[in-house]
Amino acid sequence: MIRTIPVGLGDRAYDVLVGPGLIDRAGEHIVPLLKNRRTVIVTDSNVGEHHGERLAAALERAGVAVDVITVPAGEASKSFEGLADLSDRLLALELDRGDLIVAFGGGVVGDLAGFAAAIYKRGIDFIQIPTSLLAQVDSSVGGKTAIDTPRGKNLIGAFHQPRLVLADLDILATLPAREMACGYAEVIKYGMLGDPAFFAWLEGNGEAVLAGDVEALAHAVARSVEMKAEIVTEDEREQGRRALLNLGHTFGHALEAETGFGEALKHGEAVGAGCAMAFRFSARLGLCPDIDAARVEGALKAAGLPTRLDALPQGASFHADRLIAHMGQDKKAEGGKLTFVLARRIGEALTAKGVDPAPLRDFLISEGALS
Ligand code: NAD
């Protein structure tokens with residue numbers, strides 16, 4: 001069964017379709033969006049190898065001309081160099097504004113191809129066919145596109161909404177287990193920040209989701225997309241409620257910065273550990289019951305995600321002051337004060353501005369960071 005989740009953004013509204021078999025039927029969904037029957041698929045080397053030909057064949061069957069641009073898999077493609085290379089290849093294909101870019105991959109391809117679409121000839125339409133769990137539940141929905149610079153991640157970008165998102169659940173069969181767990185951290189985050197019943201459902205069904213059970217995946221992806229769509233519709237440009245999606249990200253960002261933003265600790269793993277820390281910090285501040293922090297930790301652990309500093313690659317060598325310094329550089333820091341997304345309970349997150357570094361430092365030391 002295909003579920004359709006509308007993202008209600010007025011003249012930029014679009015649908016997210018979630019279900020099995022969507023790649024093979026991509027043509028029928030895409031043709032109505034085309035002015036010219038021409039698309040360029042942008043994919044990465046892993047996704048292209050596994051699924052590229054199948055998507056190209058599905059579009060060609062629907063009478064659509066297809067070119068494919070493959071970029072190297074990995075975050076390094078989301079750079080100025082990667083953007084220049086992709087833009088040049090799009091220009092060489094003489095793509096024009098009546099044509100359509102298909103971003104076919106994980107969050108890296110979605111962010112890179114989406115940003116290229118935002119600026120190519122002052123803006124061209126694109127659609128997202130997300131192939132990682134993280135991309136299906138998070139990055140393909142909401143229109144944020146960006147590249148990284150040596151000064152930080154996602155610092156150069158644009159809001160550019162896709163015309164359609166096709167989240168094919170079958171494609172997750174080839175996703176490595178570690179990437180699946182990373183996406184799951186974002187799924188469970190939705191429960192933590194705004195839906196206690198969904199969180200409880202994941203406590204019982206998380207194993208089936210991670211094992212790729214299509215029914216369980218369908219509910220997990222659709223509910224996550226619904227929540228993201230609702231938040232984005234209310235606050236497209238992150239003036240308020242959209243910031244709650246950053247639950248776990250201030251702690252997580254600091255952990256990623258200390259471990260080098262790479263394979264040692266992946267973003268989803270950092271978000272998982274960051275969520276566990278955000279709940280424990282909330283409990284320590286008296287905002288949230290201890291039992292909720294314990295449930296969050298239990299649910300993340302059950303998915304094989306790290307929840308404590310001593311489970312992270314650098315073990316006990318995290319320094320409280322260094323972590324706090326990274327948190328100060330986070331995009332969410334305003335005027336030197338620290339901003340965190342904290343929680344009152346499972347299902348109720350809040351933005352806490354002007355957090356005092358002293359109790360934060362005590363908390364980090366209680367978590368095993370060095371003073
Ligand atoms: P990714 O795109 O690097 O994909 C992870 C790995 O899985 C890659 O090696 C990729 O080749 C591989 N892969 C993807 N789908 C596959 C499949 N079906 N089969 C086999 N291999 C597959 O990383 P990601 O975790 O999808 O996304 C992370 C990126 O998303 C980061 O750059 C992050 O900044 C960005 N992001 C953006 C937003 C947003 O709102 N725009 C939100 C969250 C994250």
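If you read the sequence from its start, that first residue is 1, and numbering goes on from there. First listed ligand is number 1; within each ligand, the first listed atom is number 1.
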| query | Any luck finding a side-chain donor-acceptor pair between Asp168 and Gln136 under 3.5 Å? | reply | no
| field | Ring centres under 6.0 angstrom apart (Phe126, His160) | value | yes
| query | Which of the atoms of ligand 1 are close to Lys78, meaning less than 4.0 Å from one of its heavy atoms? | reply | 31 (C), 32 (O), 33 (C), 34 (O), 35 (C)
| Distance flag, aromatic centroids of His267 and His249, threshold under 6.0 Å | yes
| said: Checking a contact table here: which protein heavy atom is nearest atom 24 (P) of ligand 1, and how many Å away? | reply: Gly107 N, 3.5 Å
| task | Classify the angle between the aromatic ring planes of Trp201 and His219 as parallel (below 30°), tilted (30 to 60°) or perpendicular (above 60°). | result | perpendicular
| Pair Phe251 + Phe340: ring centers closer than 6.0 Å | yes
| query | At a non-hydrogen distance cut-off of under 4.0 Å, which region of Leu134 contacts ligand 1 (side chain, backbone, both, or neither)? | reply | side chain
| request: Compare every heavy atom of Ile324 with every heavy atom of Leu360, then report the nearest pair and how far apart it is. | output: CD2-CG1, 3.9 Å
| query | Between Glu258 and His319, does a side-chain contact (heavy atoms from CB on, under 4.5 Å) hold up when you go through it step by step? | reply | CA-CA 9 Å; Glu258 278 295 284; His319 288 258; 5.6 Å; no
| note | Quick note on ligand 1: atoms under 4.0 Å from a heavy atom of Lys153 include exactly 34 (O)
| request: For Ala73, counting its heavy atoms only, list the atoms of ligand 1 lying under 4.0 Å from any of them. | output: 11 (O)
| Where is the nearest protein heavy atom to atom 21 (N) of ligand 1: which residue, which atom, and how far? | Pro176 CD, 3.9 Å
| task | Would you check if there is a donor-acceptor pair between the side chains of Thr131 and His51 at a distance under 3.5 Å? | result | no
| Is a salt bridge present between Arg241 and Glu230, judged by a nitrogen-to-oxygen distance below 4.0 Å? | yes
| query | Are side-chain N/O atoms of Lys144 and Asn154 paired as donor and acceptor at under 3.5 Å? | reply | no
| said: If the threshold is 4.0 Å, N to carboxylate O, is there a salt bridge linking Glu269 and Arg178? | reply: yes
| Asp235 side chain to Gln239 backbone, donor-acceptor under 3.5 Å | yes
| query | If every non-hydrogen atom of Ala229 is compared with every non-hydrogen atom of Ile5, which pair is closest and at what distance? | reply | CB-CG2, 4.2 Å
| field | ligand 1 contact on Asn154 by region, counting heavy-atom pairs under 4.0 Å | value | side chain
| note | min-distance protein heavy atom vs atom 42 (C) of ligand 1 -> Ser139 CB, 3.4 Å
| Any N/O of Val108 closer than 3.5 Å to an N/O of ligand 1? | yes
| field | Among Glu75, Arg178, Gln128, Glu186, closest by any non-hydrogen atom to atom 32 (O) of ligand 1 | value | Glu75
| said: Does the residue Asp138 have a heavy-atom contact with ligand 1, meaning some pair of atoms that are separated by less than 4.0 Å? | reply: yes
| message | Using a 4.0 Å cutoff against the non-hydrogen atoms of Thr131, which atoms of ligand 1 qualify? | response | 14 (C), 15 (N), 16 (C), 17 (C), 18 (N)
| Mind checking whether Asn46 has an N or O less than 3.5 Å away from an N or O of ligand 1? | yes
| query | Is there a heavy atom of His267 sitting under 4.0 angstrom from any atom of ligand 1? | reply | no
| atom 4 (O) of ligand 1: the protein heavy-atom neighbour that sits closest, reported with distance to 0.1 Å | Gly106 CA, 4.2 Å
| request: Identify, by atom number and element, the atoms of ligand 1 in contact range of Ser132, meaning under 4.0 Å from any of its heavy atoms. | output: 15 (N), 24 (P), 26 (O)
| field | Those atoms of ligand 1 less than 4.0 Å from some heavy atom in Val47 | value | 13 (N), 14 (C), 15 (N), 16 (C), 22 (C)
| Nitrogen or oxygen of Val109 less than 3.5 angstrom from that of ligand 1 | no
| Residue portion contacting ligand 1 (non-hydrogen atoms closer than 4.0 Å) for Asp111 | side chain
| said: My understanding is that we take every heavy atom of each candidate and find the minimum distance to atom 17 (C) of ligand 1. Doing that for Thr174, Leu172, Val271, Asp44, which one comes out nearest? | reply: Thr174
| said: If you measure every N or O of Arg242 against every N or O of ligand 1, does any of those distances drop under 3.5 Å? | reply: no
| Looking only at heavy atoms, which two atoms of Gly183 and Leu133 are closest? And how far apart? | C-CD2, 3.7 Å
| request: Identify the protein heavy atom lying closest to atom 16 (C) of ligand 1, giving its residue, its atom name and the separation to 0.1 Å. | output: Leu175 CD1, 3.5 Å
| said: Out of Glu49, Glu179, His50, Lys266, who is nearest to atom 7 (O) of ligand 1 when you count heavy atoms only? | reply: Glu179
